[in-house]
*Asks:* 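Sharing a structure with you now.
Computation of the quantities below employed the complete heavy-atom set of this structure, encompassing side-chain atoms and omitting hydrogens, waters and symmetry-equivalent molecules.
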Amino acid sequence: MLPVNADRFLADLHTLRSFGAAGVGKGVVRPAYSDADIAAREWLVGRMGEAGLSVHVDPVGSVFGLAEGASLLMGSHSDSQPEGGWLDGALGVIAALEVARASVEAEGPPVSVVSFQDEEGRFGVTTGSAVWSGNLSLEKADGLTDRDGVSFAEARAVMPGRLDGFVDPARFTGFLEMHIEQGPVLDREGEAIGVVDAIVGIRDMKITLEGEQNHAGTTPMQGRRDAFQALSRFNALIAERFANVVTPSTVWTIGHVTLHPNASSIVPGKVTFSMQWRDGDADRLGRMEAIIREAAEEVAVSGGFDLRFGPMLGLEPVEMDARLRGALEQAAETDVPGRWRKMPSGALHDATNVSKLMPVAMLFVPSIGGISHAFGEDTAEADLVTGLRVLASAVEALG
């Protein structure tokens, strides 16, 4: 195994947490292009340079630390949810940095590192890696806006200096991403490692239903064009109609709702909401989309609402590369025999986009209580180090 330094790895993880540290426990607020995110990326630039890597910041702010010649690429992202934890994404970046640094010190195989920008979707779905992979054009990305109306073009313009062109993906032989599970399985079963066999696909779009704003006290219930009631009916319809289509692992979420004018004495006239659904089968994702559109149209027609669909964002389900996955499996069996499993990823990751360019594989470590996207997110440091060791062993085997 490459001689990784666990103390140095943990120290870097805690330092990265200090950028945007917030809330209770180990909470982090470091959304893409925030002051904390930019400061964290500047710190990463310095650490990558100290590790002997050539630093490259691409036009959207993804930070690469490049080894000489052809190399294995590893990493994740360092931006966070609006209220996130200290390990989501950050773990993969710092683990990659430590393996790359150890490999330089031991004259091992060349390893490059990346922290992709806006994985958490302030503007879309894994925006930085989506643009790099060609899954999303930069022109289309620039037109995306966050919930406050700021465009991606405006946000990326605040990145300081060092912005170069896009890195040629042909220089990389494959991509490994280490991540917390973000679910309860490993922690519940007392297992140390999950080797991902596939990442689910995702669809995400905004829907707007516009009715009639009116007085809440004088407008009879019959005949109201109440936008909230339209949303409520839509939610009930899709749950009913999904029943014969979905599996126990299928998920869907109405996660962000803007109700206008959002006042207690006014019948709301307009609602815009996010609709997201995930599954490992692309055909099922398509059938769910048809149900969503049909249900929204039925609600609109029956209640006299104007209906608008926003752009569809999403990624296809992705199988992990057999060779890369095999190296992770062998390393896990050597390090923690009988305490690892193959498992799918229900969360989306940058590896999904990168799979369009090169072979990819992923490694999970446990999430205590299955908590993520929250200040309470955490993993035992012993489990973090175990994941680092497994990752380093796999890299050495891959040569």
Side-chain angles (χ1 to χ4, degrees), residues 1-19 21 26 28 39-55 63-69 71-78 85-115 174-180 192-195 324 327-328 330-337 339-340 361-368 377-399:
M1 180 185 76
L2 294 171
V4 289
N5 184 322
D7 291 338
R8 181 172 60 184
F9 159 68
L10 292 171
D12 276 351
L13 259 182
H14 283 286
T15 299
L16 182 52
R17 179 173 65 92
S18 71
F19 296 97
K26 297 175 181 174
V28 168
R41 290 177 186 277
E42 285 293 302
W43 174 79
L44 283 170
V45 164
R47 293 302 274 165
M48 289 176 180
E50 291 166 7
L53 302 171
S54 175
V55 179
V63 179
F64 289 79
L66 302 173
E68 290 284 339
S71 64
L72 182 67
L73 179 64
M74 300 199 304
S76 190
H77 62 97
S78 52
W86 72 302
L87 296 171
D88 181 359
L91 172 61
V93 174
I94 299 303
L97 175 61
E98 179 55 35
V99 172
R101 192 161 42 197
S103 195
V104 169
E105 292 167 353
E107 298 183 353
V111 175
S112 294
V113 181
V114 63
S115 174
F175 178 67
L176 293 180
E177 182 170 2
M178 178 174 165
H179 211 279
I180 54 172
I193 293 291
V195 178
L324 297 181
L328 292 172
Q330 183 58 55
E333 182 59 27
T334 299
D335 199 276
V336 284
R339 295 189 56 235
W340 68 277
M362 288 196 69
L363 179 74
F364 281 168
V365 295
S367 294
I368 296 173
E377 171 188 288
D378 205 2
T379 297
E381 290 194 350
D383 287 333
L384 298 176
V385 173
T386 295
L388 176 68
R389 288 199 311 264
V390 170
L391 187 66
S393 292
V395 170
E396 186 173 51
L398 290 166

*Asks:* Is there side-chain contact between Val63 and Val114, with heavy atoms separated by less than 4.5 Å?
*Replies:*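 Counting from C-beta outward, Val63 and Val114 never come under 4.5 Å.
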
*Asks:* List the atom of Ser71, the atom of Pro110, and the distance in Å for their closest heavy-atom pair.
*Replies:* CB-O, 3.4 Å

*Asks:* Roughly how far apart are Ser112 OG and Leu66 CG, rounded to 0.5 Å?
*Replies:*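 Output value for this atom pair is 5.0 Å.
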
*Asks:* Under the side chain to side chain donor-acceptor pair (under 3.5 Å) test, which residues partner Ser367, sequence neighbours left out?
*Replies:*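 With sequence neighbours excluded, Ser367 shows a side chain to side chain donor-acceptor pair (under 3.5 Å) to no residue whatsoever.
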
*Asks:* Is the shortest heavy-atom distance from the side chain of Val395 to the side chain of Pro109 under 4.5 Å?
*Replies:* yes

*Asks:* Can you measure from CD (Glu396) to OG (Ser103) and round to the nearest 0.5 angstrom?
*Replies:*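 Spacing of CD (Glu396) from OG (Ser103) equals 8.5 Å.
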
*Asks:* Identify the heavy atoms of Thr379 and Pro366 that sit nearest to each other, and give their distance.
*Replies:*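 Heavy atoms of Thr379 and Pro366 come nearest at OG1-O, 2.6 Å.
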
*Asks:* Considering only distance and modelled atom types, tabulate donor-acceptor pairs under 3.5 Å from the side chains of residues 91-102, sequence neighbours left out.
*Replies:*
from: Glu98; atom 1: OE1; to: Arg8; atom 2: NE; distance (Å): 2.9
from: Glu98; atom 1: OE1; to: Arg101; atom 2: NE; distance (Å): 3.2
from: Glu98; atom 1: OE1; to: Arg101; atom 2: NH2; distance (Å): 2.7
from: Glu98; atom 1: OE2; to: Asn5; atom 2: N; distance (Å): 2.8
from: Glu98; atom 1: OE2; to: Arg8; atom 2: NE; distance (Å): 3.4
from: Glu98; atom 1: OE2; to: Arg8; atom 2: NH2; distance (Å): 2.8
from: Arg101; atom 1: NH1; to: Asp12; atom 2: OD2; distance (Å): 3.2
from: Arg101; atom 1: NH2; to: Asp12; atom 2: OD2; distance (Å): 2.9

*Asks:* Evaluate the side chain to side chain contact (heavy atoms under 4.5 Å, CB included) criterion for residues Thr15 and Trp43: first the C-alpha distance (whole Å), next the side-chain angles of each, then the deciding distance (0.1 Å), finally the verdict.
*Replies:* CA-CA 9 Å; Thr15 299; Trp43 174 79; 3.6 Å; yes

*Asks:* Which heavy-atom pair separates Leu2 from Gly108 by the least distance, and what is that distance?
*Replies:*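 The pair with the smallest heavy-atom distance is CD2-CA, 4.4 Å.
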
*Asks:* Can you tell which of His179, Met178, Met362 makes a side chain to side chain contact (heavy atoms under 4.5 Å, CB included) with Ser76?
*Replies:* His179

*Asks:* Tell me, do Leu53 and Val111 make a side-chain contact under 4.5 Å, heavy atoms counted?
*Replies:* no

*Asks:* Checking Leu391 against Met74 for the side chain to side chain contact (heavy atoms under 4.5 Å, CB included) test, could you report, in this order, the C-alpha distance in whole Å, the side-chain angles of both residues, the deciding distance, and whether it holds?
*Replies:* CA-CA 10 Å; Leu391 187 66; Met74 300 199 304; 4.1 Å; yes

*Asks:* Near Glu50 CD, under 6.0 Å, is it more than 12 heavy atoms from other residues, nucleotides or ligands?
*Replies:*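 Result for CD/Glu50: enclosed.
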
*Asks:* List the steps and the verdict of side chain to side chain contact (heavy atoms under 4.5 Å, CB included) for Phe9 and Leu384.
*Replies:* CA-CA 9 Å; Phe9 159 68; Leu384 298 176; 4.1 Å; yes

*Asks:* Which pairs, with at least one residue in residues 86-113 and sequence neighbours excluded, count as a ring pair (Phe, Tyr, Trp, His ring centres under 6.0 Å)?
*Replies:*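 Listed by first then second residue: His14-Trp86.
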
*Asks:* Which pair of heavy atoms, one from Val28 and one from Gly85, lies closest together, and at what distance?
*Replies:* CB-O, 3.8 Å

*Asks:* Check whether any side-chain heavy atom of Ser78 sits under 4.5 Å from a side-chain heavy atom of Leu44, and report yes or no.
*Replies:* yes

*Asks:* Please round to the nearest 0.5 Å and tell me the distance separating atom CD1 of Ile180 and atom CG of Asp383.
*Replies:*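 Answer rounded to 0.5 Å: 12.0 Å.
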
*Asks:* Would Leu176 and Leu363 count as a side chain to side chain contact (heavy atoms under 4.5 Å, CB included) here? Give the steps.
*Replies:* CA-CA 8 Å; Leu176 293 180; Leu363 179 74; over 6 Å; no

*Asks:* Which atoms form the tightest heavy-atom contact between Thr386 and Ala192, and what is the distance?
*Replies:* CG2-CB, 4.3 Å

